[in-house]
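First comes the structure, then the notes that go with it.
Residue numbers begin at 1 in each chain, while the letters A, B, ... track the order of the sequences.
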There are 2 protein chains.
Amino acid sequence: MKLSTKGKYGLYAMFYLAQRAGNGPQPLKSVAEIGVPEDYLEQLLGNLRRAGLVTTVRGAQGGYQLAKEPCSITVGDIIDATEGPLSISECLSDEGCCHRSGQCKTRRVWEYLSNSINDLLQSISLQDMLEQEQFGNTKES
Amino acid sequence: MKLSTKGKYGLYAMFYLAQRAGNGPQPLKSVAEIGVPEDYLEQLLGNLRRAGLVTTVRGAQGGYQLAKEPCSITVGDIIDATEGPLSISECLSDEGCCHRSGQCKTRRVWEYLSNSINDLLQSISLQDMLEQEQFGNTKES
DNA sequence: CGCAATGTTGACAAGAATAGTCGGGTATGA
DNA sequence: TCATACCCGACTATTCTTGTCAACATTGCG
């Protein structure tokens, strides 16, 4: 279980924009400084736009900027937008899955995990990242 | 972000064995009743064996059985064994990753998420599943 | 007006990972 | 010694990931 570069790059990009919120639109070329190929990043920003997380200004001096306050955008929103809804097992989306119905107690596990992880992702906002407060503590060594 | 069928099938198989713990070794053919191709399942059970989660008896009347009590085997153990260690972002395993070091506050997010998810997975045992107690509550509707 | 800067869209493709499949072993109980 | 099992490594079709590319649409500015 791992997330692809899309989610990672998406978060990079959004964090970049969060750091520059209020400074006007940032062109793709600038955002690409985070170390992602422009052509690829473009697609990701397209997804983020369609998800309503960034707005764009076309034409010269245009670019991308956050559509909302950093405190209203969560890591979960970003992952969703870039990776598509994370379904830990298609058993969740797909109702008629359990061939041998007996053992599908496992389904409850996926359900529980999925909900927990979503809550977790939703609990971290860009604002939290900007403030660098330890957004919760599990295993701070 | 989703886990592959390996983790899912692995959990199916382990739950199957948990339900039959104490009844002697279960041959591959029986375990495959969970709805997984035998040849594929064999690989997964091989991984589970190497991880020390199941033991095997070779020869006639042989088969697979849990290596430990259901309460000492967690969903996390099973996912690890079948999918390999889940690294949400290679930024974690790979130290020298942050090209533009400035923005790698994102790293702390992966760290936090990774730890949280691992804790979560480790918190559910096969015993919990057998008992079907709601192993924690997030969003019980 | 016209050009340059910029976002928009969709097609394409190499490489890796997934999900099996297969064939030939080895061990063991009856 | 034979049938029942597990063990192991190679092979493959399909899908997903990670980009790349080309053509187009929109806007600011001189």
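Figure legend: A:R108 and A:Y112 shown without cation-pi pairing, the cationic atom not lying both under 6.0 angstrom from the six-membered ring centre and within 45 degrees of its axis.
Put simply, CG on B:L48 is 16 Å from C1' on D:dC8, counting in whole angstrom units. Spacing between atom CG of B:N47 and atom C1' of D:dG9 amounts to 13 Å, rounded to whole angstrom units. Between the P atom of D:dA3 and the NZ atom of B:K29 lies a distance of 13 Å, rounded to the nearest Å. Atom CD of A:Q61 and atom P of C:dC3 are 18 Å apart (whole Å). Counting to the nearest Å, the P atom of C:dG7 and the CD atom of A:Q26 are 10 Å from each other. Rounded to a whole Å, the CG atom of B:L44 is 15 Å from the C1' atom of D:dC6.
When heavy atoms are screened at a 4.0 angstrom cut-off, A:G46 is found touching no nucleic acid atom at all. Within the nucleic acid shown, A:L45 has no heavy atom closer than 4.0 Å to any nucleic acid atom.
B:S125 places a side-chain heavy atom less than 4.5 Å from the side chain of B:D128. Between B:E83 and B:D80 the shortest side-chain heavy-atom distance does not fall below 4.5 Å. Counting only heavy atoms from C-beta outward, the side chains of A:Y40 and A:T5 approach each other to under 4.5 Å. Within the 4.5 Å cutoff, side-chain heavy atoms of B:V109 are placed close to those of A:V75.
Phosphate contact (OP1/OP2 of C:dG7, side-chain N/O of A:R49, threshold under 4.0 Å): absent.
In the interface, the side chain of A:R58 is not paired with the base of D:dT27 through any donor and acceptor atom under 3.5 Å apart.
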Each nucleotide in nucleotides 12-22 of chain C should get exactly one letter: B, S or -. Can you fill that in based on protein heavy atoms under 4.0 Å? -------BBBB
Side chain to side chain contact (heavy atoms under 4.5 Å, CB included) between B:Y64 and B:L48: does it pass, once the steps are laid out? CA-CA 10 Å; B:Y64 299 86; B:L48 291 165; over 6 Å; no
